[in-house]
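Below is one structure; the comments refer to it alone.
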Number of protein chains: 2
Amino acid sequence: MADLKLDQFLPYRLSVVSNRVSAAIATAYDRLFGLRIPEWRLIAVIAEGPGITQQALGVATRMDKVTVSRAAQALVERGLVARAPNEGDRRSHLLALTATGRLLYDQVAPKALELEAKVLEQLDAGERVALSAMLDRIEAAASEVAPEGVGAD
Amino acid sequence: MADLKLDQFLPYRLSVVSNRVSAAIATAYDRLFGLRIPEWRLIAVIAEGPGITQQALGVATRMDKVTVSRAAQALVERGLVARAPNEGDRRSHLLALTATGRLLYDQVAPKALELEAKVLEQLDAGERVALSAMLDRIEAAASEVAPEGVGAD
DNA sequence: GAAAAGTCGTTTCAGTTGAAACTATATCGC
DNA sequence: GCGATATAGTTTCAACTGAAACGACTTTTC
C-alpha cells in the first residue's frame with residue numbers, strides 16, 4: 001500500500017487552502033462592507049447581468065436556493081437590490097442592483113480584485129493559466145466520482 | 001476598474017472546486033466506513049504516529065479543538081481509538097488506534113488514495129508538483145492577508 | 001378547461017460548526 | 001510552596017446550512 005500522509009493528500013490540501021483563502025476574504029468583506037459571502041456573490045452576479053431570477057442566481061453561484069433566498073432578502077432589506085415583477089412568470093422576480101447597490105458594488109469589486117491579486121501575485125502568468133485549467137479538470141473529475149453537493153474533505 | 005467575473009475569481013473557483021472534491025470524498029467515506037471527515041482525518045494522523053494528544057491532532061489536521069474532541073469521542077465510542085493516560089501531563093491523553101481501528105485504517109487508506117488518484121489522473125506528474133507548490137504559496141499569501149480561521153469565499 | 005404534475009421561492013427543522021465559558025491540571029513568579 | 005496565570009479538553013450556546021414540507025403559480029395532459 002502506498003503511504004498515506006494527510007499533508008500530501010490532495011483533497012485535504014485543497015480544503016485547507018480554500019478555507020484559508022475563504023476566511024481571509026470573508027473577514028475582509030464583512031469588516032469593510034458588512035457583506036457575507038452569499039450576499040457578495042449575488043451582488044457580483046447581479047452586477048454582471050441585472051434582471052435575473054433567484055433560480056438563475058443559484059445556478060451561477062452554485063449555491064442552494066435557500067441560501068440564495070436568504071441572501072436576496074438581506075440585500076433587499078438593506079436597499080442594495082430591488083425586485084421587479086417577472087411578467088413572464090409570476091412565481092419569480094427579477095433582481096437588479098439599486099443605485100445604492102451599484103455604488104457599493106463599485107467599491108466592492110476593486111477590493112475583491114485587490115485581495116485576489118495579493119494571493120495571485122505569488123504566481124506568474126503561466127502558472128495562473130495552468131492553475132485555472134487544473135481546477136477545471138479536477139472539478140470535472142470530482143463531479144464524476146460523486147454527483148453533487150457541498151462538503152468537507 | 002478591471003472586470004470582475006465571479007466565474008474567473010480565484011477564491012470562488014477554489015471554493016467551488018474544493019467543495020466538490022470534499023463532497024465526493026465525504027460521501028464515499030460515510031457510505032463505505034461510516035466515517036465523517038474529522039474522524040477520518042484523525043485516523044490518518046494517529047496511524048502516522050500513535051500516542052498523540054488531541055492538541056497535536058488539532059495542529060496536524062488544522063481543525064478546531066472542539067471538532068477534534070467530538071471526533072475523538074466518536075472514535076473511542078466506536079472502539080477504533082483508545083486513550084492511554086499521558087503520564088507527563090494528566091490533562092491530556094495519548095491516542096492510538098485499537099486493533100479494530102488499525103484494521104479499518106488498512107481499508108480506508110487505499111480507498112483514500114484510490115479516490116485521490118481518480119482526481120489526480122487528470123494531471124501529469126509535472127502538473128501535480130506544480131499544483132502542490134502553488135497551493136503552498138497561495139496558502140501562505142492568504143495567511144498574511146488575514147490571520148486565521150475557516151471560512152466561506 | 002380542469003386535474004395532475006412541475007417549478008420558484010419561503011419557511012421549518014435538524015445537523016454541524018466554532019466562540020466562549022468551564023473544569024481539571026500544569027507552570028510561573030515570587 | 002502557593003497564589004496567579006496558562007493550557008488540554010469538554011460543554012454550552014448561537015449562527016449557518018441544506019433537506020423536506022409548503023404555498024403560489026405554471027405547464028402538461030387528457
Side-chain angles (χ1 to χ4, degrees), chain A residues 15-16 18-20 22-23 26-27 29-30 34-42 46 51-77 81 83-95 146-153, chain B residues 15-16 18-20 22-23 26-27 29-30 34-42 46 51-77 81 83-95 146-153:
Chain A
S15 170
V16 168
S18 168
N19 284 342
R20 227 13 113 96
S22 292
T27 304
Y29 284 177
D30 189 25
L35 287 177
R36 328 283 204 53
I37 292 301
E39 291 163 17
W40 125 251
R41 282 186 180 179
L42 288 199
I46 296 172
I52 187 173
T53 64
Q54 292 185 191
Q55 125 77 13
L57 284 167
V59 173
T61 59
R62 322 240 181 157
M63 297 191 301
D64 191 84
K65 64 181 178 172
V66 178
T67 307
V68 172
S69 171
R70 289 194 268 241
Q73 276 176 298
L75 292 174
V76 168
E77 274 167 31
V81 163
R83 285 174 165 155
N86 180 358
E87 289 306 337
D89 186 339
R90 262 175 275 184
R91 289 170 304 181
S92 58
H93 305 110
L94 299 178
L95 306 189
E148 261 298 328
V150 171
D153 221 34
Chain B
S15 171
V16 168
S18 168
N19 285 341
R20 228 11 112 97
S22 293
T27 304
Y29 285 176
D30 189 24
L35 288 177
R36 327 283 205 54
I37 292 302
E39 293 163 16
W40 124 251
R41 282 186 180 179
L42 289 200
I46 295 172
I52 187 173
T53 63
Q54 292 185 192
Q55 127 76 13
L57 284 168
V59 173
T61 60
R62 322 241 181 157
M63 297 192 301
D64 191 84
K65 63 179 177 171
V66 177
T67 307
V68 172
S69 171
R70 288 194 269 241
Q73 277 176 297
L75 293 174
V76 169
E77 274 167 33
V81 164
R83 285 175 164 153
N86 181 357
E87 290 307 337
D89 186 340
R90 262 175 277 184
R91 290 170 303 179
S92 59
H93 304 109
L94 298 178
L95 306 189
E148 261 299 327
V150 171
D153 222 34

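Residue numbering restarts at 1 for every chain, and letters A, B, ... go by the order of the sequence lines. Values below: all heavy atoms of this structure, side chains included; hydrogens, waters and symmetry mates excluded.
Between dG9(D) and Gln73(B), no contact under 4.0 Å exists linking OP1 or OP2 to a side-chain N or O. Look at Thr67(A) and you won't find any side-chain N or O under 4.0 angstrom from OP1 or OP2 of dC16(D). Dashed line: the shortest gap from a side-chain N or O of Arg83(A) to OP1 or OP2 of dC8(C) is not under 4.0 Å. For dT11(C), neither phosphate oxygen OP1 nor OP2 lies less than 4.0 angstrom from any side-chain nitrogen or oxygen of Ser69(A).
Rounded to an integer number of Å, the gap from CE of Met63(B) to P of dT17(C) is 9 Å. In this structure, NZ of Lys65(A) is placed 14 Å from P of dC22(D), rounded to the nearest angstrom. Computed from coordinates, the Arg62(B) CZ to dG18(C) C1' distance equals 18 Å when rounded to whole Å. Atom CD1 in Ile52(A) sits about 15 Å away from atom C1' in dG9(C), given to the nearest Å. In this structure, Arg70(B) places its CZ atom 11 Å from P of dT12(D), rounding to the nearest Å. Regarding Leu75(B), its CG atom lies at a distance of 16 Å from the C1' atom of dG9(D), rounded to whole Å. Rounded to whole Å, atom C1' of dT16(C) lies 14 Å from atom CG of Asn19(B). Atom-to-atom, CG of Leu94(A) to P of dC25(D) comes out at 16 Å; the value is rounded to the nearest Å.
Arg36(A) comes within 4.0 angstrom of the backbone, heavy atoms only, and of no base.
Looking at Ser69(A), its side chain never comes within 3.5 Å of a backbone N or O of Lys65(A) through a donor-acceptor pair.
Annotation: side chain of Leu75(A) is in contact with side chain of Leu42(A) (closest heavy-atom distance under 4.5 Å). Leu94(A) places a side-chain heavy atom less than 4.5 Å from the side chain of Thr53(A).
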Could you run down the sub-3.5 Å N/O contacts of the protein with nucleotides 24-26 of chain C?
residue : atom : partner  : partner atom : Å
dA26(C) : OP1  : Arg90(B) : N            : 2.7

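Closest approach of Arg41(B) and Ser15(A) over heavy atoms only: NH2-OG, 3.4 Å.
Note that the CG atom of Asn19(B) and the CG atom of Asn19(A) stand 8.0 Å from one another [nearest 0.5 Å].
With distances taken from any side-chain atom of Thr53(B) to the nucleotides dA19(D), dG9(D), dG9(C), the minimum falls on dG9(D). Listed nucleotides dA8(D), dT12(C), dG9(C) differ in distance to Gln55(B); the shortest reach to its side chain belongs to dA8(D).
For Asp89(A), the side chain to side chain donor-acceptor pair (under 3.5 Å) test picks out Arg91(A), with sequence neighbours left out.
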What pairs of donor and acceptor atoms, side-chain ones from residues 54-61 of chain A against any protein atom, are under 3.5 angstrom apart with sequence neighbours left out?
residue  : atom : partner  : partner atom : Å
Gln54(A) : OE1  : Arg83(A) : NH2          : 2.7
Thr61(A) : OG1  : Leu57(A) : O            : 2.7
Thr61(A) : OG1  : Met63(A) : N            : 3.4

